[in-house]
Protein chains: 2
Amino acid sequence: MPERPTRERILDEAVDLFGFRGVEAVSLDEIARAVGVRKQSVLYWFPSKEALVAAVLDTVADELIVVISAAIRASDDDPLVRIDAVIRAVFGPAVRRPALLGLVRELGRLDPELVDRLRSRVQPLVEACVRYLEDEMGRGRLRRADPRLVAALAYATVTGIATEPEALETVGWQRDLAGLRRLRDELRSFIRAALAP
Amino acid sequence: MPERPTRERILDEAVDLFGFRGVEAVSLDEIARAVGVRKQSVLYWFPSKEALVAAVLDTVADELIVVISAAIRASDDDPLVRIDAVIRAVFGPAVRRPALLGLVRELGRLDPELVDRLRSRVQPLVEACVRYLEDEMGRGRLRRADPRLVAALAYATVTGIATEPEALETVGWQRDLAGLRRLRDELRSFIRAALAP
DNA sequence: CAGACTCTCTACCAAGTGGTAGACGACGGC
DNA sequence: GCCGTCGTCTACCACTTGGTAGAGAGTCTG
């Protein structure tokens with residue numbers, strides 16, 4: 001049978017385990033067991049745990065960058081619609097795969113070199129968003145505000161919900177996908193209201 | 001000399017170490033060394049690592065609850081000023097002690113029982129804020145919006161910045177206290193703009 | 001002083017960690 | 001049939017982890 005290659009399956013399980021439980025808390029052995037293989041096979045594909053973490057970050061970043069930059073290039077001219085699309089794009093992968101949110105929460109603790117590489121890949125996207133916001137504000141199609149703040153807020157909101165999905169419960173929502181979607185939708189209309197000219 | 005009691009010093013170091021590096025990543029031995037004592041003395045004061053974590057959460061919650069509920073009871077009548085005070089209060093402890101932000105990031109991974117207890121202590125505060133927002137909105141002194149969303153956004157923003165202070169750099173700000181303060185101030189005016197009637 | 005209590009210590013343990021060395025079978029090209 | 005490469009395995013290592021047992025020093029109370 002054409003089973004998926006071991007390397008891919010390891011990456012797959014690693015995303016979930018690292019995301020839900022934390023990199024430090026998950027051992028190579030546990031990942032191996034989840035894949036149905038021995039720890040030493042994991043070390044065959046990834047020479048060290050750190051290499052595995054790096055590979056996980058890379059794959060995740062690839063996906064995120066593709067999805068989000070596609071949304072940025074979306075053709076609709078109305079800036080509010082466009083912002084909406086980006087927010088949906090940012091939440092999209094997280095809604096489909098909650099472990100990704102948990103992974104974000106690991107960033108602050110990982111080897112700074114790894115995080116730097118990841119950030120240098122994401123930064124151009126953020127800059128593009130900021131420039132776009134500035135542009136539309138200059139043309140009066142969005143209310144004047146610090147575009148970097150808007151970016152920081154969106155960034156922080158997503159990672160914040162990532163950090164503590166319990167926050168959803170605390171404010172009286174379910175912490176499952178429905179709660180996440182609801183937050184996303186409310187956030188969209190909130191930003192709309194704040195940025196509408 | 002009236003040195004601070006060992007128990008307190010352990011709690012103190014634990015807040016910083018757990019916050020900056022993560023509960024799982026910090027060993028009892030490391031905490032003990034930071035205090036200048038042997039691991040077994042730590043285990044004398046806290047019968048297990050989990051008990052230490054619980055105690056840390058309790059002390060932190062105590063401080064937060066005091067500071068925030070004081071801000072909620074602030075006397076100023078203008079809702080915007082009042083909201084401002086609460087935001088400042090939420091950011092206050094974090095600005096003074098960045099490790100607290102890191103601790104928030106641990107919540108999602110800790111024993112659910114611990115987190116539940118913490119949440120049940122914070123929830124009344126959140127509920128009070130929500131009721132207050134609803135009330136002022138009903139009286140037309142704040143723009144109509146879902147008060148739970150406002151609470152969730154504020155909550156998420158703080159924990160988001162906690163999760164990844166690097167986000168500050170990504171959007172072009174310093175990640176130090178100045179950056180944090182700036183984010184706080186911008187957030188205040190942003191919420192003001194969004195909620196002003 | 002005697003005895004209890006408080007606090008920190010040394011010594012130890014079983015379990016688990018990331019990682020190395022190398023054997024073993026399967027497979028393809030020659 | 002033979003050889004090398006690939007992928008997984010068993011066996012092992014040095015080290016760290018959270019936790020136990022109990023000794024012993026210091027102090028307070030009688």
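Just so we're on the same page: letters track the sequence lines, and every chain starts at 1.
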Describe the nucleic acid contact of Val26(B) in one word from base, sugar-phosphate, nothing, applying a heavy-atom distance below 4.0 Å.
-> sugar-phosphate

Just how far, in rounded Å, is C1' of dG19(C) from CD of Glu50(A)?
-> 14 Å

Interatomic distance where CZ belongs to Arg38(A) and C1' belongs to dA21(C) [whole Å] | 18 Å

For Glu30(A) and Pro47(A), take the nucleotide of DNA chain C holding the closest heavy atom to each; which residue's nucleotide lies nearer the 5' end?
-> Glu30(A)

Find the distance Glu24(A):CD to dT16(D):P and express it as a whole number of Å.
-> 14 Å

What's the verdict on side-chain contact (heavy atoms from CB on, under 4.5 Å) for Leu142(A) and Ile83(A), showing C-alpha distance, side-chain angles and the deciding distance?
-> CA-CA 11 Å; Leu142(A) 286 179; Ile83(A) 290 172; 4.0 Å; yes

What's the closest nucleotide to the Trp45(B) side chain, out of dT17(C), dC7(C), dT10(D)?
-> dC7(C)

Has Thr6(A) got a side-chain N or O lying under 4.0 Å from the OP1 or OP2 atom of dG7(D)?
-> no

Would Phe20(A) and Val35(A) show up in the same hydrophobic cluster when neighbours are defined by side-chain heavy atoms closer than 4.5 Å?
-> no

Counting heavy atoms from C-beta on, name the nucleotide in dT17(C), dG19(C), dT8(D) closest to the side chain of Leu28(A).
-> dG19(C)

Flag yes if Tyr132(B) and Val126(B) sit in one hydrophobic cluster, no otherwise; membership is Ile, Leu, Val, Met, Phe, Trp, Tyr, and two members link when side-chain heavy atoms are under 4.5 Å apart.
-> no

Output yes when at least one side-chain N/O atom of Tyr44(A) is less than 4.0 Å from OP1 or OP2 of dT8(D), else no.
-> no

Lys/Arg-Asp/Glu bridge criterion (N-O < 4.0 Å) met for Arg82(A), Glu136(A) | no

What integer distance in Å separates Ile10(A):CD1 from dG7(D):P?
-> 11 Å

Gln40(B) side-chain proximity, nearest of dC12(C), dT17(C), dG19(C) = dC12(C)

May I have the distance from Lys49(B) (atom NZ) to dT20(D) (atom P), rounded to whole angstrom?
-> 15 Å

For atom CG of Asp29(B) and atom C1' of dT8(C), their distance in whole Å | 14 Å

Measure from CZ on Arg33(B) to P on dT8(C) and round the result to the nearest Å.
-> 18 Å

State which of dC9(D), dG18(D), dA21(D) makes the closest approach to the side chain of Ser27(B).
-> dG18(D)

Would you say the base of dG19(C) and the side-chain of Lys39(A) have a donor-acceptor pair closer than 3.5 Å?
-> yes

Val37(B) side-chain proximity, nearest of dT8(C), dG7(D), dA21(C) = dT8(C)

Consider only side-chain heavy atoms of I, L, V, M, F, W and Y, link residues closer than 4.5 Å, and tell whether Val67(B) and Val122(B) are in one cluster.
-> no

Of the candidates dC7(C), dT8(D), dT20(C), the side chain of Leu43(A) sits closest to dT20(C)

